[in-house]
Structure formats: C-alpha cells, structure tokens
Undergrad: 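Following this message is one structure expressed as structure tokens.
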Amino acid sequence: MTPIALTIAGSDSSGGAGIQADLKSFAALGVYGASVITALTAQNTTGVSAIHPVPAVFVAAQIDAVFADLAVGAVKIGMVAQAETIAAIADGLARWSPRHVVLDPVMVATSGDRLLAAGAVDALKTRLFPLASLITPNLPEAAALLSEPVAGNEAAVESQGRRLLALGCRAVLIKGGHGTGAESIDYLFDGARVVALSAPRVATPNTHGTGCSLSSAIAAGLARGDELESAVRNAKAWITDAIAAADRFAVGHGHGPVHHFHKYY
C-alpha cells in the first residue's frame, strides 16, 4: 500500500509554510500527500499581509472528497483560522475516523502575525483536541492555550504538558525551539511518561515553516506505520537537518524556509 497523509491547513503563497511545507515534508519522507485548504494567505518571508478563509462548507467538501477515494493513513491539521472551519473539520473527522491525527495548534506565524481568530481558541480545544492523537504546540502556544506565562524551566513545561493532555488529546509534544541554551529540547507526553528529545540548537534566521514541517513529518511517520515515539524522534532528527541546511537557500528578505529536500540537493 502507498502510505498517504492528508494535510488540513492554510496556503502560504511564498511556499515555506502551511500546505506547501506539509506537502514538501510528506514527499521528502516518501509519503503521498493530499490536502484540504482552510485559508489562503498573502504572505512572504517578512510577514502576512492578508488572509482569506475558505468557506466552511467547502472545507467539508474537500475532506469528504479525499476520504471517499484515498486510504489516508494519517492527518495533519495546521492553520484553521476560525471557529466555523474548526467545526467543519471536527465533523469531517468524526465522519471518517482517521486512525492518526496530528494537530499543530498554529496561532501565530514566525513573522508574528496572528493566524487564529482569538474567539476560536476555545473551539480548537473543545472540538479538535479530543480527536487528536498528538498536539504539537511550541512554548508560546502551550502558554497561550492555558492562559499562562511561557514556561521557563523543565518543571513548568512538564506541568503545562500534563494540563494540555487533560484537555482530551492522546499525547502532547511541547517544542523547545523558542527556548534558550545550546540544546533544543522537545517534551513528549503520552499519559504514561515524559520523554525529553534534544538536538543541537541551530543558529539561523531561516526557520519559516519549521513547526508545520515537524508536525507533517510526524504524520508521515505515522502514515508509514511508525509508533508515535519513533515517528516523533525521526521527525525531530529530520527537521534539525532541514534547519541546519536552510542557509543553502537564498529565499526572500526575512525568515527564509527550511530545506525540506536537504537529503537530495
């Protein structure tokens, strides 16, 4: 069987994040990618200038079209934009019951632009978290979801991870890319234990699409049949290499993209 993953996310017109990054990640890891577009963005490496949400009824139509024909092994959810879209996605997933759902709670772009309506945060937590095999917030997103300050030490990260897990998802990965120190440490919570995953912190401004790509890489691993911890470990190793290779590119004038195909050129 051909491993297939579906991304449900927004489009990045500059190609570094969102749907475009997700499909590149799937392809780089040997997985066929399908997509459901939730919003169009006018953006580049310096910021987001406009957002055009796709009507919720059309989001639902895309979901049904994909699942009616393709054997989707895993779903990645990224930018959902608004509460109506969240409801359409939740209803669609309930109809089709995919085995694996990786939810990246995208709230703010690398450039600092907000990508999720403030009033939609509760819908994200109540409608989508209970359907997720894994959620992948970074440190600021984890804090925002809990209305708390950003965790400044391991104990605070573990406390936030356990409270996020209690919202109904099956596992939580709090990403340490926004932290400090020589190591970037991610923490995986699965309800039974906490696994710390470290990698050297790469000094580069070219990190556009990092979160999208990591969550997509995890979904790709799950679509191939990997267990969750293996999928997360392999995805972290891959994204670390993609960030390290980002400076091979000269793309844009802001936060450039990571190098999804660093193994090939």
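Being a predicted model, the structure only gives us computed values, none of them experimental. We're numbering straight along the sequence, starting at 1.
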Undergrad: So which heavy atom on Ile19 is nearest to which on Ser35, and how close?
TA: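 Residues Ile19 and Ser35, closest heavy atoms: CD1-CB, 3.8 Å.
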Undergrad: Among the clusters formed by ILVMFWY side chains lying less than 4.5 Å apart, do Val31 and Leu214 turn up in the same one?
TA: no
Undergrad: Using modelled atom types and a 3.5 Å cut-off, is there a donor and acceptor pairing between side-chain atoms of His255 and backbone atoms of Pro205?
TA: yes
Undergrad: Is there side-chain contact between Lys236 and Ser184, with heavy atoms separated by less than 4.5 Å?
TA: yes
Undergrad: Can a salt bridge be assigned to the pair Arg233 and Asp226 using a cut-off of 4.0 Å between side-chain N and carboxylate O?
TA: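 Result for this pair is no, no salt bridge flagged.
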Undergrad: Name all pairs fulfilling the side chain to side chain donor-acceptor pair (under 3.5 Å) condition that reach into residues 52-72, sequence neighbours left out, sorted by first residue then second.
TA: Asp64-Arg95, Asp64-Trp96
Undergrad: When clusters are formed by joining ILVMFWY residues with side-chain heavy atoms under 4.5 Å apart, either directly or through shared neighbours, do Tyr32 and Val101 land in the same one?
TA: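 They do share one cluster, since a chain of ILVMFWY contacts under 4.5 Å joins Tyr32 to Val101.
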Undergrad: Transitively linked via ILVMFWY side-chain contacts under 4.5 Å: Ile239 with Leu23?
TA: no
Undergrad: Search all heavy atoms of Gln160 against all heavy atoms of Ala142 and return the closest pair with its distance.
TA: OE1-CB, 3.8 Å
Undergrad: Does any part of the side chain of Ile218, heavy atoms only, come nearer than 4.5 Å to the side chain of Val232, both counted from C-beta?
TA: yes
Undergrad: Output yes when a side-chain donor or acceptor of Thr38 lies under 3.5 Å from a complementary backbone atom of Ala9, and no otherwise.
TA: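 Looks like yes, one N/O pair under 3.5 Å.
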Undergrad: If you take all heavy atoms of Ser25 and Ala217, which pair is closest and at what distance?
TA: CB-N, 4.4 Å
Undergrad: Nearest 0.5 Å, please: how far is OG1 in Thr210 from NZ in Lys175?
TA: 8.5 Å
Undergrad: Let's go through Ile51 and Met79 carefully: what are the C-alpha distance in whole Å and the side-chain angles of both, what is the deciding distance for side chain to side chain contact (heavy atoms under 4.5 Å, CB included) to 0.1 Å, and is it a yes or a no?
TA: CA-CA 11 Å; Ile51 297 174; Met79 177 185 178; 3.8 Å; yes
Undergrad: What's the separation between atom CD in Glu227 and atom CG in Asp190, rounded to the nearest 0.5 Å?
TA: 11.5 Å
Undergrad: Taking the side chain as C-beta and beyond, is there a heavy-atom pair between Leu228 and Arg170 under 4.5 Å?
TA: no
Undergrad: Report yes if the side chains of His208 and Ser14 come closer than 4.5 Å at any heavy-atom pair, otherwise no.
TA: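 Yes, close enough: below the 4.5 Å cut-off.
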Undergrad: Determine whether a donor-acceptor pair (N or O, by modelled atom type, separation under 3.5 Å) exists between the side chain of Arg224 and the backbone of Gly30.
TA: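 Answer holds: no.
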Undergrad: Are Leu131 and Phe189 linked, directly or through intermediate hydrophobic residues, by side-chain heavy-atom contacts shorter than 4.5 Å (ILVMFWY only)?
TA: yes
Undergrad: Taking the side chain from Ser215 and the backbone from Gly211, do they hold a donor-acceptor pair closer than 3.5 Å?
TA: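 Present.
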Undergrad: How about Ile174 and Leu139: do any of their side-chain heavy atoms sit closer than 4.5 Å?
TA: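 Yes, side chains in contact.
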Undergrad: Where is the tightest heavy-atom contact between His262 and Ala245, given as atom of each residue plus distance?
TA: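 Distance-wise, the nearest heavy atoms are CB-CB, 3.6 Å.
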Undergrad: For the residue pair Phe261 and Tyr264, does the interplanar ring angle fall in the parallel (under 30°), tilted (30 to 60°) or perpendicular (over 60°) class?
TA: tilted
Undergrad: Using the side chain to side chain contact (heavy atoms under 4.5 Å, CB included) rule, take Asn234 and Leu29 through it: C-alpha gap first, then chi angles, then the decisive distance, then the call.
TA: CA-CA 10 Å; Asn234 292 338; Leu29 295 167; over 6 Å; no
Undergrad: What's the shortest heavy-atom distance between Cys212 and Asp104, and which atoms?
TA: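 Between these two residues, the closest heavy atoms are N-OD2, 3.8 Å.
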Undergrad: Checking Ser213 against Lys24 for the side chain to side chain contact (heavy atoms under 4.5 Å, CB included) test, could you report, in this order, the C-alpha distance in whole Å, the side-chain angles of both residues, the deciding distance, and whether it holds?
TA: CA-CA 8 Å; Ser213 302; Lys24 290 174 184 178; over 6 Å; no
Undergrad: With sequence neighbours left out, write down each residue that passes side chain to side chain contact (heavy atoms under 4.5 Å, CB included) with Ala87, or none if nothing qualifies.
TA: Arg127
Undergrad: Check whether any side-chain heavy atom of Val59 sits under 4.5 Å from a side-chain heavy atom of Ile63, and report yes or no.
TA: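 Yes, close enough: below the 4.5 Å cut-off.
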Undergrad: Keeping Ser13 on the side-chain end and Gln43 on the backbone end, is there a donor-acceptor pair under 3.5 Å?
TA: yes
Undergrad: In terms of hydrophobic clustering (I, L, V, M, F, W, Y; side-chain heavy atoms under 4.5 Å; direct or indirect links), are Ile89 and Ile4 co-clustered?
TA: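 The answer is yes; both residues are in one hydrophobic cluster.
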Undergrad: Of the non-hydrogen atoms in Ala196 and Tyr187, which two are nearest, and what is the gap between them?
TA: CB-CE2, 3.9 Å
Undergrad: Please step through side chain to side chain contact (heavy atoms under 4.5 Å, CB included) for the pair Leu124 and Leu145, ending with a clear verdict.
TA: CA-CA 9 Å; Leu124 182 73; Leu145 288 166; 4.2 Å; yes
Undergrad: Can you measure from OG1 (Thr207) to CD1 (Ile243) and round to the nearest 0.5 angstrom?
TA: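 Between Thr207 OG1 and Ile243 CD1, I get 7.0 Å after rounding to 0.5 Å.
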Undergrad: How many angstroms lie between atom CG of Leu165 and atom CZ of Phe129, to the nearest 0.5 angstrom?
TA: 11.0 Å
Undergrad: Look only at the side chain of Ser216 and the backbone of Phe26, and say whether a donor-acceptor pair between them is shorter than 3.5 Å.
TA: no
Undergrad: Is there a side-chain contact between Arg162 and Val194, using heavy atoms and a 4.5 Å cut-off?
TA: yes
Undergrad: Would you say Glu141's side chain and Asn138's backbone share a donor-acceptor pair under 3.5 angstrom?
TA: yes
Undergrad: Distance check, rounded to the nearest 0.5 Å: Ile37 atom CD1 versus Thr7 atom OG1?
TA: 9.0 Å
Undergrad: Give, for atom CG of Leu188 and atom CZ of Arg193, the distance between the pair rounded to the nearest 0.5 Å.
TA: 7.5 Å
Undergrad: Is any side-chain heavy atom of Leu222 less than 4.5 Å from a side-chain heavy atom of Leu134?
TA: no
